[in-house]
Amino acid sequence: MARDVLECSLDFAKLADPMKDVLTCEHGRMRFGGIDVAGMADTTPTPFFLFSATQIDRNIATLRDTFRAHHPKTRVFYASKACSNLWFLDRVRRSGIDIEVNSGGELWKARKAGFQPHQIGFNGNAKTRAEILVALQPPIEAIIVDSVFELRRVADVAADLGVQARVALRVDLNVASETHPGLRTSKGAKAGIDVGEALAAFGLAAQLPNIELVGMHYHIGSQITRVEPYLEALDLALSLLDRIETAHGVRLEHLNIGGGFAIPYYDRTADEPDTYFEAPHTLDGYAAGIGSRLQKARPDLQLYLEPGRAIAGNTAVLVSRVEAEKTKLVGAADGRVTREDWIMVDAGFNTVLEHSSYHWYYRAVVANHCGKPPVRPFRIGGPLCDGGDVYAGDPGSEYRYLPTCTKVGDVVAFFDVGAYSLECMSAYNGRDQAAAYMVTESGLRKIAARRSVEDFVANERFAADAAAE
Ligand SMILES: Cc1ncc(COP(=O)(O)O)c(C=O)c1O
């Protein structure tokens with residue numbers, strides 16, 4: 001089962017360009033932001049997340065500058081659902097971009113991190129009156145309205161407060177995208193106003209008192225590896241916009257095309273991706289296609305973007321320890337028996353939910369042996385009781401190829417876990433939730449403490465408590 005060393009060796013120099021100096025292998029030890037990851041694991045309970053502030057700044061600057069080079073009137077609203085840790089948000093704000101939130105809780109966090117109302121866009125398909133009330137005191141940059149029902153609700157709350165609500169309507173343009181079904185948000189998905197109803201909905205928004213119609217929004221999904229669906233959506237949106245403006249005598253300020261830009265979870269990129277783990281387009285690929293088309297059609301229109309994964313994804317690694325090992329014999333249909341080597345790490349889908357919910361592939365490296373060739377096939381399990389708590393294999397395989405000597409006590413680092421991991425951690429199986437650290441210019445900072453079973457039950461009650469109360 002051994003593979004060609006050259007083919008499978010995780011070549012650090014081959015990792016995505018922007019990661020080069022953050023992620024290094026020195027004398028057989030993996031460093032992230034200069035930190036010896038396995039060394040840190042010797043003094044810090046595993047699993048834990050390690051973020052790089054440099055990488056956050058870099059991703060934001062690259063994204064903003066790349067899009068602005070093609071369409072100068074571009075504003076980037078970081079999709080905070082990807083990682084809404086307060087330290088992370090503060091870093092995003094300092095880098096000079098704006099923020100997208102998806103609930104009253106995220107809105108609260110955005111404000112706590114210092115974002116001003118004019119920097120905030122608010123999505124969501126079931127906003128409560130209470131959430132809308134908060135978003136209008138004072139009014140944020142845009143409430144992104146998901147239905148005609150919600151439009152009336154926003155108008156109602158704004159009237160009660162005596163304010164004008166700045167509103168963009170989210171439209172489902174019915175554009176298909178090749179990504180995991182759970183990440184599709186257009187064509188048959190629940191989000192947005194149906195494109196067939198959109199003209200009338202914009203007409204209503206233009207007339208309702210206390211509503212200031214400022215934009216159109218759509219978001220076709222997450223981890224979209226090709227530019228074509230964006231171009232298809234943009235053409236549809238521009239033509240709809242034209243009809244809306246002509247029919248209702250309005251002029252919209254902005255077009256919000258959502259987020260979804262893919263990151264390469266596999267080392268390789270491809271012209272024609274086989275899976276949504278390969279990202280064939282550099283950001284320039286997306287920006288050139290979208291920006292140039294918009295420049296031609298509507299240079300006056302502000303382009304709003306809501307990237308989450310493309311900003312947060314590669315900013316963190318998950319550091320776990322191999323806690324157990326075993327060999328299992330697997331019988332094949334032809335009667336042959338194969339030996340499978342398993343290692344069990346101390347992070348499961350309670351720590352990185354998407355490894356199980358979307359069968360996401362996170363590259364992994366044995367941090368204390370990063371110089372050794374990854375030639376021995378292993379299956380990597382997490383510690384949870386579920387059969388599904390098993391990490392996806394390397395491309396085209398059930399197995400992860402790791403150095404031959406990999407054993408209990410080694411430190412396994414999973415890459416690209418910065419997006420949608422801290423957000424989705426759970427207390428499942430009574431396991432601690434991982435702490436998070438960030439490498440900053442002023443040193444290593446703890447940005448989220450580990451949470452233990454005592455923390456989780458702090459608000460629970462049982463009979464003995466009730467008797468004592
Ligand atoms: C409305 C909206 N905007 C932006 C995003 C961010 O997507 P991504 O993290 O793929 O960029 C999402 C996530 O699905 C979303 O629902």
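For ligands, and for the atoms within them, numbers begin at 1 and follow the listed sequence.
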Do [X] and ligand 1 have an N or O pair less than 3.5 Å apart?
| X | value |
| --- | --- |
| Pro307 | no |
| Arg170 | no |
| Ser222 | yes |
| Gly308 | yes |
| His217 | no |

[X] neighbourhood, listing ligand 1 atoms whose heavy-atom distance to it stays under 4.0 Å:
| X | result |
| --- | --- |
| Gly259 | 4 (C), 11 (O) |
| Arg309 | 8 (P), 9 (O), 11 (O) |
| Glu306 | 1 (C), 2 (C), 3 (N), 4 (C), 5 (C), 6 (C), 11 (O) |
| Tyr420 | 6 (C), 7 (O), 8 (P), 9 (O), 13 (C) |

Assess the pair Phe261 and Phe67: is the distance between their ring centroids shorter than 6.0 Å?
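Yes: the rings meet the under 6.0 Å criterion.
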Mark the output for Gly260 as yes if a heavy-atom distance to ligand 1 is under 4.0 Å, and as no if none is.
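The answer is yes: ligand 1 sits under 4.0 Å from a heavy atom of Gly260.
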May I ask you to check if Lys81 and Tyr420 form a cation-pi contact, with NZ or CZ under 6.0 angstrom from the six-membered ring centre and within 45° of the axis?
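Judged by the rule (NZ or CZ under 6.0 Å from the ring centre, within 45° of its axis), Lys81 is not positioned above Tyr420.
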Would [X] and [Y] count as having a side-chain donor-acceptor pair, cut-off 3.5 Å?
| X | Y | answer |
| --- | --- | --- |
| Glu306 | Asn123 | yes |
| Asp284 | Thr66 | no |
| Thr74 | Arg64 | no |

Could you check whether any side-chain N or O of Glu197 sits under 3.5 Å from a backbone N or O of Ile193, counting only pairs where one atom can act as donor and the other as acceptor?
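A pair under 3.5 Å: no.
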Is there a donor-acceptor pair under 3.5 Å between the side chain of Ser397 and the backbone N or O of Gly393?
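Between the backbone of Gly393 and the side chain of Ser397 there is no qualifying donor-acceptor contact (under 3.5 Å).
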Among Leu133, Asp156, Asn210, side chain to side chain contact (heavy atoms under 4.5 Å, CB included) partner for Leu161:
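By the side chain to side chain contact (heavy atoms under 4.5 Å, CB included) criterion, Leu161 pairs with just one of Leu133, Asp156, Asn210: Leu133.
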Could you see which bit of Ala79 sits under 4.0 Å from ligand 1, with heavy atoms only: side chain, backbone, both or neither?
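Only the side chain of Ala79 comes within reach of ligand 1.
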Quick one: look at His219 and ligand 1, take heavy-atom pairs under 4.0 Å, and tell me if it's side chain, backbone, both or neither.
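Side chain only.
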For atom 2 (C) of ligand 1, what is the closest protein heavy atom, and at what distance to 0.1 Å?
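Nearest protein contact, heavy atoms only, for atom 2 (C) of ligand 1 is Lys81 NZ, 3.4 Å.
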Could you check if a side-chain atom of Met30 sits within less than 4.5 angstrom of a side-chain atom of Thr24, using non-hydrogen atoms only?
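SC-SC contact between Met30 and Thr24 ruled out.
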